[in-house]
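Here the structure comes first, spelled out in structure tokens, and everything after it is commentary.
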Amino acid sequence: MTTTLAPEWMAVCAVSDILPDTGVCARIDGRHVAIFRIGDDRFHAIDNIDPQSGASVLSRGLTGSLGGRTVVASPLYKNHFDLATGECLEAPQHSVRAYAVRVDGGRVMVALA
């Protein structure tokens, strides 16, 4: 018998705390997580640590699209990370975790499980 754990949703901030097309960093359960707001109502979350440098900087990268994918460019090495999956487009071995995000009552919630 397999048991599936329900995700643990953590409130991070108010929707209004993240300007459209930017990101913020939050420390959630000891993890540095980058939360991005794309347009007015799309949210994504990935690890904030740039795997190539070890610096907590991905939330400060530039967002955009590349080949139909919504990405953030690392401010240090300019690698592009898919915001839906965490995949590093230039070097898949440097991919990061992606997390589920939802908005509940004007609060941005991130699932850690």
Side-chain angles (χ1 to χ4, degrees):
M1 182 171 152
T2 303
T3 303
T4 303
L5 297 175
E8 182 182 347
W9 291 96
M10 304 290 291
V12 176
C13 63
V15 168
S16 61
D17 290 335
I18 309 174
L19 296 174
D21 302 315
T22 66
V24 298
C25 178
R27 188 167 177 172
I28 306 171
D29 198 28
R31 300 178 197 169
H32 292 226
V33 178
I35 300 100
F36 296 91
R37 181 178 181 182
I38 305 301
D40 287 331
D41 59 358
R42 290 179 34 224
F43 292 86
H44 298 278
I46 61 173
D47 285 331
N48 194 49
I49 305 293
D50 181 320
Q52 200 166 356
S53 68
S56 185
V57 296
L58 293 182
S59 64
R60 294 187 232 154
L62 295 175
T63 60
S65 62
L66 190 61
R69 298 167 106 175
T70 303
V71 298
V72 63
S74 170
L76 297 177
Y77 290 100
K78 309 305 182 223
N79 287 338
H80 296 90
F81 295 88
D82 185 312
L83 292 180
T85 66
E87 180 185 1
C88 178
L89 303 186
E90 291 80 12
Q93 70 274 18
H94 292 301
S95 296
V96 297
R97 282 182 290 196
Y99 302 95
V101 182
R102 72 179 186 197
V103 174
D104 186 8
R107 304 283 301 163
V108 178
M109 312 283 289
V110 176
L112 297 181

Would you kindly confirm whether [X] and [Y] end up in one hydrophobic cluster when ILVMFWY residues are joined by side chain heavy atoms under 4.5 Å apart?
| X | Y | value |
| --- | --- | --- |
| Ile46 | Val71 | no |
| Val110 | Ile18 | yes |
| Phe43 | Tyr99 | yes |

Original post:
Does Arg27 CZ have over 12 foreign heavy atoms under 6.0 Å away?
Top reply: no
Subject >> CG/Leu66: more than 12 non-hydrogen atoms of other groups inside 6.0 Å >> reply: yes
Straight-line distance of [X] [atom1] to [Y] [atom2], nearest 0.5 Å:
| X | Y | atom1 | atom2 | result |
| --- | --- | --- | --- | --- |
| Arg31 | Cys25 | CZ | SG | 13.5 Å |
| Ser53 | His94 | OG | NE2 | 10.0 Å |
| Arg37 | Leu19 | CZ | CG | 7.5 Å |
| Tyr77 | Glu90 | OH | CD | 14.0 Å |
| Ile28 | Ile35 | CD1 | CD1 | 5.0 Å |
| Asp104 | Trp9 | CG | CH2 | 9.5 Å |

**OP:** Keeping the roles fixed (side chain from Arg107, backbone from Ala11), state whether a donor-acceptor pair exists under 3.5 Å.
**Re:** no
Looking at every heavy atom in both [X] and [Y], which two are closest together, and how far apart are they?
| X | Y | value |
| --- | --- | --- |
| Leu112 | Met10 | CD1-CG, 4.0 Å |
| Asn48 | Ser59 | OD1-N, 2.6 Å |
| Leu58 | Ile49 | CD1-O, 3.9 Å |
| Phe81 | Cys88 | CE2-CB, 3.6 Å |

Original post:
Taking it one step at a time, do Ile38 and Asp21 satisfy side chain to side chain contact (heavy atoms under 4.5 Å, CB included)?
Top reply: CA-CA 5 Å; Ile38 305 301; Asp21 302 315; 4.0 Å; yes
Subject >> For Arg97, salt bridge (Lys or Arg N to Asp or Glu O under 4.0 Å) partners two or more places apart >> reply: Asp47
Subject >> Pairs satisfying salt bridge (Lys or Arg N to Asp or Glu O under 4.0 Å), at least one member in residues 65-80, at least two apart >> reply: Arg69-Asp82, Arg69-Glu87
**OP:** Determine, stepwise, if the pair Arg42 / Thr70 fulfils side chain to side chain contact (heavy atoms under 4.5 Å, CB included).
**Re:** CA-CA 11 Å; Arg42 290 179 34 224; Thr70 303; 2.9 Å; yes
**OP:** Please identify each residue that fulfils side chain to side chain donor-acceptor pair (under 3.5 Å) with Thr63, with sequence neighbours left out.
**Re:** none
Subject >> Val101/Val12 under side chain to side chain contact (heavy atoms under 4.5 Å, CB included): CA gap, chis, key distance, verdict >> reply: CA-CA 10 Å; Val101 182; Val12 176; over 6 Å; no
Original post:
When you look at Val24 and Asp17, which way does the side chain to side chain contact (heavy atoms under 4.5 Å, CB included) test go after all the steps?
Top reply: CA-CA 9 Å; Val24 298; Asp17 290 335; 6.0 Å; no
